[in-house]
A.B. asks: 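Take this structure, written in structure tokens, and hold onto it; I'll ask about it next.
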Amino acid sequence: MPVLKGKELRVVGFLCNWCSYGGADTAGVGRFSQPTDLRIIRVPCSGRVDPMFVVKALLGGADGVLVSGCHPRDCHYSQGNFYARRRLETLKTFLPALGIDPDRFQYTWVSASEGQRWKNVVSSFVEKVHQLGHAPRIEEAAPYLPLAEKGDTPRAPLRPPLRPLSYPAAGTLAASLEQLREKIRAALPELDCVIGWQQGFDALHATPLFMRKPEDVDKLTWGPLNVHNLATYLPQFKNRKVGVVVKGCDSRSVIELLQEKLVEPDNVRVFGMACEGVVDMTRVQKTLDAGNADGAMCADTAPSSVGVEGDNLSIEGEAPARLRLADVVAEKCRTCDTPVPLLGDVVEGNASAPAGPAPDAPPSPPSLDALDSMTPEQRRGFWRAQMDRCLRCYACRNACPMCVCRDHCIAESRDPHWTTQEGNIREKLQFQVIHALHLAGRCTECGECQRACPVNIPVLALKQWMNRSVRTLFDYRAGVDVNAVPPLLAFAVEEKNIKEHGL
Amino acid sequence: MNLAYYPGCSGLGTSREYERSTRAACAALGVKLTDIPDWSCCGSTPAHALEHALSGALSARNLVGAARAGCDTVATPCPSCLSNLKTARHRMADDGFRAKVGRLLDQPADALAALPDVQSVLETLVTRVGLDAIRAKVRQPLAGLRVAPYYGCIMTRPADVMRFDDPENPTSMDDLLTALGAEVVPFPYKVECCGASYGVTRRDIVARLSGRLLGAARDAGAHAVVVACPLCQMNLDLRQTQVEWPGGKAVDMPVFYFTQLLGRALGVPDAELGLEQLCVDPAIAFRRAAQVVAARQAEEAAQAAKAAAQAAAKAAQAKQAAAANEGGRA
Amino acid sequence: MRIGVFVCHCGSNIGGTVDVPGVAEVARAYPDVVFSSDTMYACSEPGQAAIVDAIKEHALDGVVVASCTPRMHEPTFRRTVERAGLNRYMFEMANIREHVSWIGKDREANSNKAAELVRMAVEKLRLNAPLYPKSFDVTKRVLVIGGGVAGIQAALDCADGGIEVVLVERESTIGGKMAKLDKTFPTVDCSSCILGPKMVDVSQHPNIRLYAHAEVEKISGYVGNFKVDVRRKATYVDWELCTGCGLCMEKCPSKKSPDAFNEHVGVTTSINIPFPQAIPKKAIIDPTSCRQFVKGKCGVCAKVCPTGAIRYDMEDQVVTEDVGAIITATGYDLFDYTKYAEYGGGRYPDVITSLQYERLLSASGPTGGHVKRPSDGKEPKTVVFIQCVGSRDRSVDRPYCSGFCCMYTAKQAVLTKDHIPDSRSYVFYMDIRANGKMYEEFTRRAMEEYGVQYVRGRVSMIVPQGDTYLVRGVDTLLGEQVEVPADLVVLAVGAESSHGAPQLAEKLRISYDNYGFFMESHCKLRPVETNTAGVYLAGACQGPKDIPSSVGQGSAAAAKVLGLFSRGRLESDPQISQVDVRRCVGCGKCITTCPYGAIEWMELRGEMKARVIETVCQGCGICTVTCPQGAIQLQHFTDNQILAEVNALCLS
Amino acid sequence: MDVTNLESVRDDDFIHAVMEESGQDLTHCYQCGNCTAGCPCGFAYDIQVSQIMRNLQAGRKDKVLNSRSIWLCLSCSSCTTRCPNNIDVARVMDVLRHIARREGRVAEKGVTTFWDAFLASVRRHGRVYELGVVANYVARTGRVWTDIDLLPRIAPKGKLSPMPHGIKGRDEIARIFQRYEEERTR
């Protein structure tokens with residue numbers, strides 16, 4: 001049934017049974033007249049309100065969503081609204097990433113006795129929604145691709161890396177690698193397997209290596225081609241003893257998995273080396289393509305070897321090339337502040353020192369800057385255009401080390417039935433939002449989601465946005481401390497950084 | 001930490017001795033004071049009683065000057081200046097007020113957003129130098145000197161602006177004076193008003209209020225009142241001949257600036273402390289203190305003599321008893 | 001599914017602003033709806049009969065009633081559908097009265113909204129499933145926390161009702177604040193004469209187990225089956241052997257131990273029995289002052305004790321008790337008046353608290369009932385009482401009225417005249433709150449018969465003057481500053497929540513207000529219940545209260561417990577979470593966030609999974625939101641059910 | 001004493017102006033009288049400070065602005081410090097002076113004359129010149145015997161400066177006053 005044309009907007013309310021639903025009843029009993037736009041869904045507790053319900057409503061055409069629960073400290077279930085406050089505030093700060101006006105979503109606290117207050121809450125919220133008018137639909141937004149090279153990730157201007165990325169001389173690197181291999185060989189007898197990298201189908205590509213025998217260890221490689229985050233494989237080895245080779249960034253995923261008890265500390269051995277950055281294959285390919293007038297590289301011009309020294313990547317073979325690492329390095333490496341693995345058996349190598357003093361907060365990554373620079377309308381258009389290209393292949397999810405649901409991902413389940421199989425923009429974006437929300441406080445920004453995307457959708461930006469929210473709200477960074485409690489699984493009676501929203 | 005110094009206008013006139021002793025005591029303690037360049041009057045009560053933005057502007061000019069000189073903190077000996085500077089800074093958090101003040105000043109309003117912190121010289125001494133450091137430098141303890149510490153009404157109040165010591169019962173100056181060897185008498189009127197600047201216009205008010213303070217100091221057995229405020233000092237000292245003494249019994253009650261006693265204890269020559277500029281002769285207090293010390297020493301000597309005599313008597317008795325025993329046996 | 005919809009007119013309450021037949025008509029087109037009609041009063045006897053008939057006639061397996069709020073009649077209609085053979089959870093309500101007809105006058109908008117709410121209810125009902133409650137046994141024992149007068153009353157009433165009581169008291173004797181009082185208002189009868197017998201009853205009652213000098217350490221479980229760990233703090237005296245003869249107190253050489261019972265008016269021996277009527281009347285050693293503990297040698301009490309009860313090596317002991325219900329009666333504490341520096345902040349010996357004054361008045365107090373100034377032991381001739389010290393004062397974060405200070409101040413002023421006939425009392429007050437039976441009459445008597453001088457205004461400052469105190473205040477009725485030279489000043493300190501109250505509330509999982517007082521379930525209609533089933537409140541732990549109200553609440557809480565236990569078994573609500581073990585990956589996030597500890601690990605074919613303890617789960621649904629796989633679902637509020645409601649509104 | 005018609009004496013604009021300019025909520029006052037109790041200058045007041053607060057609640061503009069009390073307040077902040085309702089009473093008194101000055105009502109002319117003399121000195125020199133202030137005050141009020149008894153006490157101490165201490169930024173200070181006056185007349 002449509003909303004009454006010209007009169008009403010679609011406003012959905014989620015009210016806890018014990019306080020706010022009662023408050024709405026009290027307002028009714030008191031005959032406090034209110035706008036008719038609001039439709040109330042009764043839930044037992046504001047802690048039952050999944051932020052995804054709000055997203056679902058907003059993507060589904062709601063013009064406003066209001067959540068109301070018991071006042072903090074007064075929750076019928078003693079803590080539900082404390083969790084709700086964190087979840088909903090996180091959501092509120094995330095909505096602008098999608099180009100949704102955060103004023104269209106509000107959460108507040110109304111007790112069962114506060115009929116007058118409920119009337120005021122409803123009246124002022126509905127009035128605000130009317131000021132904002134009909135919510136623009138993302139699927140109807142004009143496509144927006146700021147650097148509209150088809151099939152390419154829109155990029156902000158290159159930012160100089162935080163640290164000068166520089167690999168040591170070939171000999172030194174080989175010595176460090178040999179040291180690493182030694183450590184692995186020594187540990188191998190006690191382990192089922194150690195996961196590392198080896199050369200892939202050509203010298204320009206690395207591929208995961210599963211070392212079971214000492215001679216496998218010889219195949220282990222180290223360098224800027226080791227793009228994969230091998231922590232992704234760890235949960236599959238649950239209950240078995242396994243080793244993994246990590247870069248600095250990968251180690252944060254391991255920490256996160258340990259924290260969530262998805263791998264047991266006794267069962268996992270971590271090996272690592274200081275990393276000087278890995279390449280973004282898309283950039284490498286583009287640079288090479290630009291160099292070869294006759295177009296894309298094909299199989300018979302595959303390089304015979306790839307060497308790295310200092311800031312130089314030298315590709316030997318029929319079409320030799322020399323690339324500057326700074327030109328082709330992955331985006332995440334430009335802002336990396338953890339080149340050395342945070343745990344495990346680490347070969348020190350010689351990671352170059354940061355260019356300046358360590359910043360208070362990690363610097364903002366370029367794709368986030370790009371998203372930041374857009375207007376809400378442009379963001380809607382941007383995601384509309386990006387989701388148009390999405391194949392719904394779930395490569396982003398499958399590559400994500402923190403997507404531990406695996407076969408039970410709610411993107412494909414019927415019970416619960418969060419998304420339909422309809423291949424439209426709304427459902428595709430809905431999945432990306434689920435991914436980002438599920439990663440709130442867990443994502444280490446390893447970038448595997450974006451790297452794995454066959455059509456180069458910058459899905460990492462959503463997670464970066466979420467991470468920034470989590471950092472601002474809870475002063476928390478994932479993948480640093482094994483013993484930390486992630487912010488959305490905890491609460492504070494007085495939240496330091498959450499200002500209650502007046503309604 | 002760069003400490004700017006705001007002397008306040010009365011330091012050029014009626015409280016010259018406060019100014020001199022403050023500089024001398026700070027020098028002795030190694031506290032470097034950098035005067036705010038070309039500082040101007042804060043406007044005092046007449047300004048804030050007329051209009052808050054005017055008062056704010058007169059104060060802010062000095063705070064901006066301090067910030068430009070690279071200082072993050074301003075210290076001032078005068079509580080009235082302190083109150084004005086601190087209040088101005090406190091209110092500057094309000095955008096509307098800041099804009100209003102900005103319109104009155106030559107300086108752009110954005111200079112007002114981050115003004116240096118303001119504190120009293122007393123706070124500087126007890127928090128930055130510290131009592132232990134001060135105690136260690138005392139050369140001439142104020143032995144026997146009984147003092148009534150009088151903070152004045154606005155040094156600590158209102159508490160949410162001043163944020164220093166207890167608003168009703170401050171103890172920082174008590175502690176400082178104790179560290180100098182003085183004896184602090186219980187004084188219930190530490191923060192009661194002396195009548196402020198009403199001496200000229202309504203002498204009756206000052207006569208009554210200051211009289212009550214001096215009377216309480218007298219009744220508590222103080223040799224002197226110790227103050228931290230030029231106006232209080234003027235009311236209690238210069239106007240001591242004008243006050244109504246409770247019970248009618250007038251005494252000569254010297255009124256020191258705490259910095260004078262601090263300087264004296266640290267061994268700064270009296271001449272640098274301006275003691276001669278006090279109206280009620282400070283020697284009266286020192287004489288009384290000396291009497292206390294002398295009496296105490298006499299008492300101790302008497303006690304010692306008595307104890308010695310007792311011990312001797314006991315020894316003699318024991319000897320006698322021993323002798324008697326001996327004798328008995330013999 | 002076959003759904004029936006009933007849209008209620010509620011007389012003109014709904015029908016007045018909603019096109020009720022029109023809504024019923026629209027609903028007929030909703031999916032799975034096979035029957036829809038309007039009804040005048042759905043909740044009335046004929047209205048319910050019509051629902052039952054329709055269920056049978058149209059073979060309905062689900063019913064939607066669109067009427068008033070489910071908070072009112074959901075239980076009614078659930079019973080109705082149950083009578084017709086349906087599961088009670090195959091029922092949904094659409095609130096078209098409180099949320100529609102009563103809050104707007106636009107008939108078109110209202111009717112449209114009502115129809116949408118019915119649509120939402122239908123869409124949810126299509127995903128409902130029958131749910132069945134479980135019943136479980138009840139441990140018919142009650143824990144009473146706090147042995148003040150409220151706790152004593154609750155314990156005695158429960159014990160007399162035939163159930164076992166575990167009474168836990170933090171101090172070494174029960175009696176609470178009332179035991180420290182000399183007399184009680186408005187009758188001026190002796191406090192210990194009326195409380196004493198009750199305390200003795202507690203000690204002698206066969207159904208009461210008393211743990212004095214003990215604290216509740218941990219609480220787990222749920223209504224009917226709580227498990228409580230009680231820490232019995234070391235007393236260093238074996239209470240099984242101690243006869244309370246008091247010989248140890250006579251001989252104890254350490255006589256400067258703080259005397260908490262006498263509110264620190266004077267000192268006591270390191271081993272002591274707080275007062276002669278103490279229950280249990282057992283000695284306890286204060287290890288902070290006892291020479292044996294401080295200096296390592298003494299042992300006098302051990303030598304003199306006729307029964308050899310002294311145990312210097314005693315340690316705390318934790319005992320576990322199983323109970324089915326809990327009554328908290330933890331009382332209140334006194335405001336710390338030293339926050340008022342203008343009243344001396346504790347520096348003036350003859351400025352004392354009202355409870356200290358009670359001890360001075362009490363015949364069993366440190367002065368034997370003679371009012372003497374703490375400073376010099378002289379009898380005061382002018383006594384000033386200052387009310388609202390730590391009450392009605394936002395500047396010290398105590399904006400509330402403590403309620404009983406006006407009355408006890410009047411009582412103390414009266415008693416002062418009794419003790420010292422040639423004395424004069426002044427009471428500085430802001431308003432006199434005397435709203436109990438015979439209370440107003442009592443304060444009038446204080447003024448009229450006892451000549452107590454009431455002064456309307458606050459006191460600004462107390463100034464010592466020689467050996468008296470100048471009390472400087474205002475008489476706002478005169479509009480003048482006033483001062484009174486006083487020999488003794490008594491501060492009517494307000495009540496604040498008992499120290500440790502918020503921590504106890506966390507253990508009990510009950511709410512507390514900004515000041516640490518416990519929250520009742522409903523301020524008017526459920527005053528002794530909390531929002532946690534099986535946990536009840538009595539006395540000042542809920543808010544400042546005088547003795548009659550505290551006793552009344554003690555009895556009320558006991559009645560609630562007896563009522564709960566009158567049922568043989570309790571039924572658990574089936575609207576709880578359930579884990580789909582196939583979807584559970586064993587990450588334990590639900591276990592971390594559950595506020596009730598209602599989810600536990602279980603091993604299933606070598607893998608760790610979550611499992612809900614059905615009787616502990618309260619059905620909040622926090623876990624459902626936490627689980628990324630949606631593996632744990634709150635029954636009756638599953639993701640799919642709520643999504644159906646969202647979709648009914650947004651996607652259609 | 002006349003009967004006061006509460007409706008006709010109430011000036012809501014005045015109440016709002018005081019609340020707005022002082023930032024204090026006058027309704028918080030419950031008339032405990034603590035401000036009066038602790039006021040050191042109460043003996044000199046014509047209306048006690050708690051009654052000023054009560055009159056403000058009643059919106060009695062004339063009564064409040066014509067009082068002597070607002071000019072005799074010493075700004076000592078005792079009232080503010082002890083108010084159980086966290087009202088900055090001293091600030092309210094300050095604001096009452098502002099409003100009264102704007103409306104040209106001054107019940108204690110001597111006080112404002114002294115203040116004006118003080119500010120004139122600041123405006124002229126940038127810093128206060130004490131002797132100048134007293135001289136100015138004496139000239140304006142004609143109270144030639146003011147504190148003459150103190151002269152022999154202070155003169156020999158060499159503290160009173162015979163000359164003002166001008167500052168370089170004198171013009172800047174003058175401009176502050178000038179702008180203030182422009183704002184005021186606007």
Side-chain angles (χ1 to χ4, degrees), chain B residues 9-10 12-17 38-41 43-54 57-58 61 83 94 100 103-106 152-154 156-159 167-168 191-205 208-209 212 238-239 241-242 274 276-279, chain D residues 21 23 40-41 43-44 72 74-78 80-82 88 90-91 94-95 97-98 101 108 110-116 118-119 121-122 125-131 133-134 137 146-147 149-150 153-154 157-161 165 167-170 172-173 175-177 179-180 183-184:
Chain B
C9 301
S10 60
L12 304 170
T14 43
S15 71
R16 260 170 221 263
E17 66 272 41
D38 204 41
W39 59 271
S40 52
C41 178
S44 193
T45 305
H48 79 68
L50 183 63
E51 220 271 329
H52 285 153
L54 174 67
L58 292 172
R61 178 183 179 273
S83 173
D94 180 83
K100 222 167 153 187
R103 284 200 292 276
L104 301 184
L105 286 171
D106 283 2
C153 55
I154 50 176
T156 57
R157 309 189 304 189
E168 290 284 359
V191 294
E192 281 283 292
C193 184
C194 64
S197 62
Y198 283 65
V200 175
T201 52
R202 286 287 301 256
R203 182 190 286 194
D204 59 321
I205 292 176
R208 178 155 166 166
L209 299 182
R212 184 162 70 191
L238 173 63
R239 294 186 187 278
T241 47
Q242 295 179 338
E276 76 289 354
Q277 287 177 309
L278 300 174
C279 292
Chain D
E21 290 181 40
C41 211
F43 69 90
L72 299 177
L74 299 160
S75 301
C76 75
S77 286
S78 288
T80 299
T81 306
R82 293 180 192 151
D88 190 343
R91 193 165 173 194
D94 238 10
V95 162
R97 288 188 283 264
H98 302 169
R101 284 297 281 273
E108 278 278 335
V111 172
T112 51
T113 306
F114 181 72
W115 287 346
D116 290 344
F118 185 100
L119 291 177
S121 177
V122 176
H125 309 295
R127 290 178 194 161
V128 160
Y129 170 44
E130 289 166 329
L131 271 182
V133 173
V134 175
Y137 171 76
T146 303
D147 280 338
D149 54 323
L150 298 179
R153 278 173 75 74
I154 188 143
K157 299 298 178 185
K159 300 205 277 190
L160 288 178
S161 179
H165 299 265
I167 63 166
K168 278 184 261 161
R170 243 180 317 207
E172 207 183 324
I173 302 297
R175 279 196 293 278
I176 291 177
F177 279 93
R179 290 191 196 108
Y180 158 70
E183 290 258 329
R184 211 182 123 187

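All chains are named by letter (A, B, ...) in the order of the sequence lines, taking the proteins before the strands, and each is independently numbered beginning at 1.
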A.B. asks: Closest approach of Pro167(B) and Thr81(D), non-hydrogen atoms and distance?
C.D. replies: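 Taking Pro167(B) first and Thr81(D) second, the nearest heavy atoms are CB-CG2, 3.9 Å.
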A.B. asks: What's the separation between atom OH in Tyr180(D) and atom CD in Glu51(B), rounded to the nearest 0.5 Å?
C.D. replies: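 Atom-to-atom, Tyr180(D):OH and Glu51(B):CD are 5.5 Å apart.
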A.B. asks: Can you find a pair of side-chain heavy atoms, one from Leu72(D) and one from Tyr198(B), that are under 4.5 Å apart?
C.D. replies: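 The answer is yes, as the side chains (C-beta and beyond) meet within the 4.5 Å cut-off.
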A.B. asks: Roughly how far, to the nearest 0.5 Å, is CG of Leu50(B) from OG1 of Thr112(D)?
C.D. replies: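 Rounded to the nearest 0.5 Å, the OG1-CG separation comes to 10.0 Å.
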A.B. asks: Using non-hydrogen atoms and a 4.5 Å limit, figure out which bit of Leu209(B) sits close to chain D: side chain, backbone, both or neither.
C.D. replies: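 For Leu209(B), the side chain is the part near chain D, not the backbone.
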A.B. asks: Please tell me if the side chains of Val133(D) and Val200(B) come closer than 4.5 Å, counting only heavy atoms from C-beta onward.
C.D. replies: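 They are not in contact (no side-chain heavy atoms under 4.5 Å apart), so the answer is no.
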A.B. asks: Of the listed residues (Leu58(B), Thr156(B), Leu54(B)), which shares the most heavy-atom pairs with chain D below a 4.5 Å separation?
C.D. replies: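 The candidate making the most pairs under 4.5 Å is Leu54(B).
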A.B. asks: Where does Ser83(B) contact chain D at under 4.5 Å (heavy atoms): side chain, backbone, both or neither?
C.D. replies: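 Interface part for Ser83(B): neither.
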A.B. asks: With distance as the sole test, does Glu172(D) use its side chain to make a donor-acceptor pair with the main-chain N or O of Asp106(B) at under 3.5 Å?
C.D. replies: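 No; judged by distance alone, with no hydrogens or angles, the pair does not exist.
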A.B. asks: Given that the side chain runs from C-beta out, which part of His165(D) has a heavy atom under 4.5 Å from chain B: side chain, backbone, both or neither?
C.D. replies: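 Just its side chain gets close to chain B.
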A.B. asks: How many angstroms lie between CG in Leu74(D) and OG1 in Thr45(B), if you round to the nearest 0.5 Å?
C.D. replies: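 Output value for this atom pair is 9.0 Å.
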A.B. asks: Under 4.0 Å between a side-chain nitrogen and a carboxylate oxygen: does that hold for Arg202(B) and Glu108(D)?
C.D. replies: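 Looking at Glu108(D) together with Arg202(B), the answer is yes, because their closest N to O distance falls below 4.0 Å.
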A.B. asks: Counting only N and O atoms by type, is there a donor-acceptor contact under 3.5 Å from the side chain of Arg127(D) to the main-chain atoms of Trp39(B)?
C.D. replies: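 Judged by distance alone, yes, a pair lies under 3.5 Å.
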A.B. asks: Show your reasoning for whether salt bridge (Lys or Arg N to Asp or Glu O under 4.0 Å) applies to Lys100(B) and Glu183(D).
C.D. replies: CA-CA 9 Å; Lys100(B) 222 167 153 187; Glu183(D) 290 258 329; over 6 Å; no
A.B. asks: Taking the side chain as C-beta and beyond, is there a heavy-atom pair between Ser75(D) and Ile154(B) under 4.5 Å?
C.D. replies: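 They are not in contact (no side-chain heavy atoms under 4.5 Å apart), so the answer is no.
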A.B. asks: Just wondering, do Leu12(B) and Tyr129(D) contact through their side chains at under 4.5 Å, heavy atoms?
C.D. replies: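 With C-beta onward as the side chain, the pair stays apart.
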A.B. asks: Between Arg82(D) and Glu168(B), is there a salt bridge with N-O shorter than 4.0 Å?
C.D. replies: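 Yes, Glu168(B) and Arg82(D) are salt-bridged.
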A.B. asks: Could you pull out the closest heavy-atom pair between Arg157(B) and Cys76(D), with the gap in Å?
C.D. replies: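 Closest approach of Arg157(B) to Cys76(D): NH2-O, 3.2 Å.
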A.B. asks: Could you tell me which non-hydrogen atom of Cys279(B) sits nearest to which non-hydrogen atom of Arg153(D), and how far apart they are?
C.D. replies: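 Looking at all heavy atoms of both residues, the closest pair is CB-NH2, 3.6 Å.
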A.B. asks: Distance from Ile167(D) atom CD1 to Asp38(B) atom CG, nearest 0.5 Å?
C.D. replies: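 Answer rounded to 0.5 Å: 4.5 Å.
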A.B. asks: Which bit of Arg208(B) comes within less than 4.5 Å of chain D, counting heavy atoms only: side chain, backbone, both or neither?
C.D. replies: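 It is the side chain, since no backbone atom gets that close.
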A.B. asks: Between CZ of Phe118(D) and SG of Cys41(B), what distance do you get to the nearest 0.5 Å?
C.D. replies: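 Between Phe118(D) CZ and Cys41(B) SG, I get 4.0 Å after rounding to 0.5 Å.
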A.B. asks: Among all residues two or more places apart in sequence or in another chain, which pass the side-chain hydrogen bond (donor to acceptor under 3.5 Å, both in side chains) test with Gln277(B)?
C.D. replies: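 Applying side-chain hydrogen bond (donor to acceptor under 3.5 Å, both in side chains) to Gln277(B) gives Arg20(B).
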A.B. asks: Decide yes or no on side-chain contact (heavy atoms from CB on, under 4.5 Å) for Thr201(B) and Tyr137(D), but give the supporting numbers first.
C.D. replies: CA-CA 9 Å; Thr201(B) 52; Tyr137(D) 171 76; 3.7 Å; yes
A.B. asks: Find the distance between CD1 (Ile173(D)) and CG (Leu105(B)) and round it off to the nearest 0.5 Å.
C.D. replies: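 The distance works out to 8.5 Å.
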A.B. asks: Got Asp149(D) and Gln242(B) here, is their nearest side-chain heavy-atom distance under 4.5 Å?
C.D. replies: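 Contact flag for Asp149(D)/Gln242(B) side chains = yes.
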A.B. asks: For Arg203(B), which atoms come within 4.5 Å of any heavy atom of chain D: side chain, backbone, both, or neither?
C.D. replies: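 The answer is the side chain of Arg203(B).
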A.B. asks: The criterion is side-chain hydrogen bond (donor to acceptor under 3.5 Å, both in side chains); which residues satisfy it with Asp94(D), sequence neighbours excluded?
C.D. replies: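 Expected list: His48(B), His52(B), Arg97(D).
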A.B. asks: Measure the shortest side-chain to side-chain distance between Lys157(D) and Thr14(B) over non-hydrogen atoms and say whether it is less than 4.5 angstrom.
C.D. replies: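 Side-chain contact under 4.5 Å: no.
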A.B. asks: Ignoring hydrogens and angles, tell me if any N or O in the side chain of Arg16(B) forms a donor-acceptor pair with the backbone of Lys159(D) under 3.5 Å.
C.D. replies: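 Checked: pair present.
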